[in-house]
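Working notes for the structure below.
Numbers restart at 1 for each chain; the letters A, B, ... are given by sequence-line order, proteins then strands. Side-chain atoms are counted along with the backbone in the values below, which use heavy atoms only and exclude waters and symmetry mates.
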Amino acid sequence: MNSVRTRVGRVISFLESSGTDVLAMQEIKCKPDQFPYKPFEDAGYQITLHGLNQWNGVAFASKIEAQDVEIGFTGMPEFKEVQEARAIGATFNGVRLWSLYVPNGRSLDDPHFSYKLEWLERLAAITSETLENEPDLPLALMGDFNIAPLDSDVWDINFFAGSTHVTPQERQAFEAFGQIGLTDVVRPLIPEGYTYWDYQQLRFPRNEGMRIDFVLGSEALAEKVSGASIERDERKGEGPSDHVPVVVELN
DNA sequence: ATGTCGCCTACGAGGCGA
């Protein structure tokens, strides 16, 4: 979201117009005592969040009660000996959801890149363990994966030569979620379209975007999916986030 | 035109991260 405080009005408007039951937010960029609870609560949403400082920060806004909240996942790697606010899990009406902000990676030779790969590997490992114990659990990993799995998920693959988000290592880390039984539940319904456009270089007017935000569902969750959308219009107007909402409908 | 944005510290502007 690139700051919930800056965009609270837009977020509430979206929640109300869409009728969203559960919103998974990433990059709220605030600590708990800085979160704008009141407008969410006035709109009928409960907040479940994990924020440590001005960086990262993940949260849920939900009409449904959040149960079994987990801050970070078991085995989540640290960066520079600090556990960052990049993962929060909770169960809503029996559906286990994770709001995830995967490390960016920065550049291929940066320690952040190996952190990103390790973070994804550990996430896949613990999720695999969860599903081995509960094969019928409706579960989704959702958020900013900072990976474009297909060349067509970026506007010009040549532009990304030597950059993060499109490397074989990152794509392999993404595909590992498929190997443990998760599927992208949006792609079959919405095969094309970006979820992110950089603020710089007039990327949005030029439609130079990236598809890097995903909802990866277990088999039991995928069976419930009745619809999906990518809310491109949310990138328009005054004060948008650089990402747009990805919506999944369950029955 | 590095065609941007938001946070921080600290009071103006630079640093950081994306």
Side-chain angles (χ1 to χ4, degrees), chain A residues 1-14 24-37 39-40 47 49-59 76-88 99-120 142-149 153-156 158-167 169-170 173-174 194-214 231-246:
Chain A
M1 336 206 9
N2 191 23
S3 170
V4 67
R5 286 176 287 177
T6 297
R7 260 169 274 293
V8 58
R10 285 190 65 123
V11 176
I12 300 294
S13 296
F14 174 74
M25 297 177 269
Q26 300 86 38
E27 253 198 307
I28 60 171
K29 298 182 91 166
C30 67
K31 295 182 265 196
D33 64 345
Q34 299 173 309
F35 193 96
Y37 296 97
F40 283 90
I47 298 298
L49 80 119
H50 177 36
L52 295 172
N53 50 39
Q54 71 269 43
W55 308 120
N56 317 307
V58 284
M76 189 176 81
E78 300 176 341
F79 186 64
K80 294 182 177 173
E81 297 175 12
V82 175
Q83 285 240 348
E84 299 182 309
R86 295 182 177 275
I88 188 168
S99 178
L100 302 168
Y101 181 37
V102 175
N104 173 287
R106 298 182 184 167
S107 63
L108 304 191
D109 57 356
D110 195 295
H112 214 260
F113 186 71
S114 48
Y115 168 53
K116 178 182 195 174
L117 296 175
E118 173 74 7
W119 200 94
L120 288 161
M142 50 207 304
D144 178 0
F145 281 76
N146 271 316
I147 298 172
D153 291 332
V154 297
W155 82 92
D156 177 7
N158 297 314
F159 180 87
F160 289 87
S163 303
T164 61
H165 293 59
V166 299
T167 64
Q169 298 105 297
E170 288 163 289
F174 187 81
Y194 303 133
T195 64
Y196 162 88
W197 296 259
D198 199 303
Y199 289 119
Q200 302 184 57
Q201 307 289 136
L202 295 174
R203 292 293 183 223
F204 184 63
R206 293 174 167 158
N207 196 29
E208 295 174 343
M210 306 173 75
R211 185 172 180 132
I212 55 176
D213 300 275
F214 299 99
E231 300 295 327
R232 187 181 188 281
D233 286 353
E234 287 297 315
R235 186 64 176 78
K236 299 176 180 175
E238 289 298 308
S241 166
D242 41 3
H243 295 254
V244 296
V246 176

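The CG-P distance, from A:Asn53 to B:dC7, rounds to 13 Å in whole Å. Whole-Å rounding puts the A:Gln200 CD to B:dC5 C1' distance at 9 Å. Rounded to an integer number of Å, the gap from A:Leu52 CG to B:dC8 P is 14 Å. One atom, CD1 of A:Ile28, and another, P of B:dC8, lie 12 Å apart when rounded to the nearest Å. We find that CZ of A:Arg10 is positioned 15 Å from C1' of B:dG6, with the value rounded to whole Å. Rounded to whole angstrom, the span from the CZ atom of A:Arg7 across to the P atom of B:dC7 amounts to 8 Å. Between the CG atom of A:Asp242 and the C1' atom of B:dG17 there is a distance of 12 Å, rounded to whole Å. What separates CG of A:Asn104 from P of B:dG6 is a distance of 18 Å, to the nearest Å.
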Response to the item:
Per-residue pairing states of DNA chain B in dot-bracket (Watson-Crick or G-U under 3.5 Å; . unpaired, | other strand) read ...((((((...))))))
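Ring pair A:Trp197/A:Phe204 is perpendicular by interplanar angle, where above 60° counts as perpendicular and below 30° as parallel. Using the six-membered ring where Trp is involved, A:Tyr196 and A:His243 have ring planes that are tilted, between 30° and 60° apart.
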Discussion item. Each nucleotide in nucleotides 10-15 of chain B should get exactly one letter: B, S or -. Can you fill that in based on protein heavy atoms under 4.0 Å?
Written reply: ------
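Within the nucleic acid shown, A:Arg106 comes within 4.0 Å of sugar-phosphate atoms alone, with no base atom in reach, counting heavy atoms only. Heavy atoms of A:Glu84 sit nowhere under 4.0 angstrom from any nucleic acid atom. Residue contacts shown for A:Arg235 are absent, as no nucleic acid heavy atom lies under 4.0 Å away.
Rounded to whole Å, the separation between the P atoms of B:dA18 and B:dG12 comes to 30 Å. Atom name C1', nucleotides B:dT2 and B:dG17: the rounded distance is 15 Å, in whole Å. A gap of 16 Å separates the C1' atoms of B:dC16 and B:dA10, to the nearest Å. Distance check on atom P: B:dC11 versus B:dG6 gives 23 Å, rounded to whole Å. When the P atom is compared between B:dC7 and B:dA1, the two are found 30 Å apart, to the nearest whole Å.
The only option from A:Asp213, A:Asp153, A:Asp144, A:Asp242 that meets the side-chain hydrogen bond (donor to acceptor under 3.5 Å, both in side chains) definition with A:Thr195 turns out to be A:Asp213.
Closest contact between the side chain of A:Gln34 and the listed nucleotides B:dA18, B:dC8, B:dG6 involves B:dC8. When the nucleotides B:dC7, B:dC5, B:dA18 are ranked by their closest atom to the side chain of A:Tyr101, B:dA18 comes out on top. Nearest nucleotide to the side chain of A:Asn2, out of B:dA18, B:dC5, B:dC7: B:dC5.
Going from atom CH2 of A:Trp119 over to atom NE2 of A:His112 covers 11.0 Å, rounded to the nearest 0.5 Å.
Between A:Phe113 and A:Gln169, the closest side-chain pair of non-hydrogen atoms falls below 4.5 Å. Contact annotation: the side chain of A:Val166 never approaches that of A:Phe159 to less than 4.5 Å [non-hydrogen atoms, C-beta and beyond].
Residue A:Ser3 has no polar side-chain atom (N or O) positioned under 4.0 Å from OP1 or OP2 of B:dC5. OP1 or OP2 of B:dC8 sits under 4.0 Å from a side-chain N or O of A:Arg5.
For residues 197-211 of chain A, the pairs satisfying salt bridge (charged side-chain N to carboxylate O under 4.0 Å, His left out) are A:Arg203-A:Glu208, with sequence neighbours left out.
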